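Structure first, then comments.
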Amino acid sequence: MAKVALPDGSKLEVADGTTAGQLAEQIGTGLAKAAIAARINGELVDLSTPINDNADVQIITLKDSEGINIMRHSCAHVMAEAICSIWPATKLVYGPTVEDGFYYDIDLDEPIRPSDFQRIEEKMREIVKADKPFIRTEMSRAEALDKLAGNKYKTDNIKHADGDVISFYLQGDGFEDLCRGPHLPSTGKVGSFKIMSVAGAYWHGDPTQKMLQRVYGTCWPTQKDLDDYLTRLEEAKKRDHRLLGKQLDLFSFNEAAPGFAFMHAKGMIIWNAIVDFWRAVHNKYGYQEIKTPIILNEQLWHKSGHWDNYKENMYFTNIDGVGYAIKPMNCPGGCLVYKTRQHSYREFPMRIAELGLVHRHEASGVMHGLFRVRQFTQDDAHIYCTPEQIEQEIIGVIELTFEMYRAFGFEDFHIELSTKPEKHIGSDQIWDVATNALKDALKHKAIEYKINEGDGAFYGPKIDFHIKDCLRRSWQLGTIQLDFSMPARFNLVYTDRDNTEKTPVMIHRAVLGSFERFIGILIEHYGANFPLWLAPEQVRILAISEKSNDYAKVVRDKLKDAQLRCGMDLSDEKINAKIAKAHSEKLPYMLVVGPKEARSNTVNVRIRGDKETRTVVIDDFLRTVKQEIVEKKI
RNA sequence: GCUGCUGUAGCUCAGUGGUAGAGCGCGUCCUUGGUAAGGACGAGGUCAUGGGUUCAAGCCCCAUCAGCAGCUCCA
């Protein structure tokens, strides 16, 4: 008999050789039915795995996230079988689970098209209906390599696998695939699925390798779960800043300037509101603001290291036969400003901000609305300080960053620390000092972070602040980069207490990152329902009929005098249509005015997303909304 | 940059080798109204661009440009 410990602490005795699946039956028929895999002594295994003595065993069901993932992975195998049966020339590569689904990379010369999805799904349904058991077989690494000799993808997978035991899974009596497992007991346990998309993906993520086809699918325990997921995707798409930006006339793009955004009047109102706020916060945190040229002599970029490390991303031009570059970063220009006069340690830390317009040549395939463009405005700053001041300054930047993010209602962001890349300037020792300074500051603020080895800027390590868009794609906002190299390259100096000249430390930092991207993120974050302080049109007055147009104008003038961004709908439409239109334009406040309101000097206030209305005197309305703007209420 | 898909009215999209379509929006007129879209009429097109096939191309073929999804890369 073998002793088994269950997650609730209870102990159970089972006969030697009992499998995890049989154990589930022993615990209860309900559990046995729901069981799809097990965790024995911390390791996820098939239900067919025998249990040895003194094992901790947990039966995994679809209620566990591991269970869902196992089902999705099994679904990937079902899809692989379906694809192989339709296109026998298919060579399978790798089929992992991802958030909300799975994909399978395949090597097949004939492109799979969205119009093929239906017949793949039909084939998959056949396989699921046949309820074929997943049968695991194991062999040694050498045997596996022998078995798959000639299959470069699978032998490569074996080489990357841990341990000496290599496993295969057979679905029924036909399709077999190399796989670590575990899997569902049989294909019948696969829930509701859908093929989502197909796209190219390099083998091993390496652009020099063959482009494979990556078929994405999703899989959920029930049809309702799948439907809910698809509905969620639809809802998310409605928040897409590219659609909302067009619908609400905020910005546009044109073939004449791919990757360069045209900001429209309404978009600029949001932009300027953010700039005003940004200036106020930076003033509070002791920053000065400068502006440097967009075009600078090529020699400067040789000196800064950009020529050697960033040239592929830069645009160049020529003035009177002399080479110039369009700046991709603001730091060299900032260094020139620093050098215009002497500096003392007494001035430090010197926090110099710049809303700098930079141009970077991005590959054509990576452009993405306002999130990835070729021209953007960075809310940049360079802090010049002594080595002793680094940690405190970084802490200050983190506090400023959090204060700004909070003002926009962002709570869900994560932080990454990136270390020395292959292409870099500066000694290893300098990199260690800089990296540790960033780590210490994060530790001091008790901030959790992820490390990205080799992802730093070429001049120093960095801390990045990331946020997710409506479709859960992650985007970088702010960044803090420590730089010991650029000040030396530009011979920046300050006079220290002991009257000797020393090289300052430079901290590059951006909080919102790029104004363009940040506005895109805000559009998705709010679903374009901007808080009052950001809304392009804060209030619209809707006249009941032409007879009330004059009163509407009186109200409008009063609100304009109070600095509110106020529009007026005097069109030849009924009030219902005016409300519907204002609603579709996501107006925060609608003021309906008719003869009644004109008589009493009031407005009937209708708040976005609220069916209730109330009538108030104009001055009361003004007081309330002005307070809401001052508070930046979200 | 790579793989695949897409490109038709301001927007969203139908369109089967043989006369260019709808809804919304826009303009004019009617309507003068009370809380999420009143009615009539009208204007609006180099079917992305350039080649090719064909008696005939929005539709088929090739190239280019742009967009979308993903990969790689990045704020």
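So you know, we letter chains A, B, ... as the sequences are listed, proteins then strands, and number each from 1. No experiment lies behind these values; they were computed from the predicted model shown.
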Between OH of A:Tyr459 and P of B:C74 the distance, given in whole Å, is 13 Å
A:Ala201 near the nucleic acid: base, sugar-phosphate alone, or nothing, with a heavy-atom cut-off under 4.0 Å? sugar-phosphate
Whole-Å distance, A:Arg242 CZ to B:U12 C1', equals 16 Å
- Is a donor-acceptor pair below 3.5 Å formed from side chain A:Arg374 to base B:C74, judging by atom type as modelled? no
Would you say the side chains of A:Asn157 and A:Tyr94 form a donor-acceptor pair under 3.5 Å? no
Check your understanding: With a 4.0 Å cut-off on heavy atoms, is A:Val198 in touch with a base, just the backbone sugar-phosphate, or nothing at all?
Key -> nothing
Q. Which part of the nucleic acid does A:Glu573 contact within heavy-atom distance under 4.0 Å: base, sugar-phosphate only, or nothing?
A. base
Is any side-chain heavy atom of A:Phe518 less than 4.5 Å from a side-chain heavy atom of A:His525?
no
Quiz item: Any N or O donor-acceptor pair linking the side chain of A:Gln247 to the base of B:G25 at under 3.5 Å?
Solution: no
task: Using only heavy-atom distances, decide whether a donor-acceptor pair under 3.5 angstrom links the side-chain of A:Arg214 to the base of B:C71.
output: no
Check your understanding: Between the side chains of A:Gln481 and A:Tyr459, does any donor sit under 3.5 Å from an acceptor?
Key -> yes
With a 4.0 Å cut-off on heavy atoms, is A:Phe371 in touch with a base, just the backbone sugar-phosphate, or nothing at all? base
| request: Check whether any side-chain N or O of A:Lys547 sits under 4.0 Å from OP1 or OP2 of B:G33, and answer yes or no. | output: yes
Problem set entry | Donor-acceptor pair (no angle test) under 3.5 Å: A:Gln213 side chain, B:U3 base | no
With side chains defined as the heavy atoms from C-beta onward, is the minimum distance between A:Leu482 and A:Ile394 less than 4.5 Å? yes
Contact class for A:Arg113 vs. all strands (heavy atom < 4.0 Å): base, sugar-phosphate, or nothing? sugar-phosphate
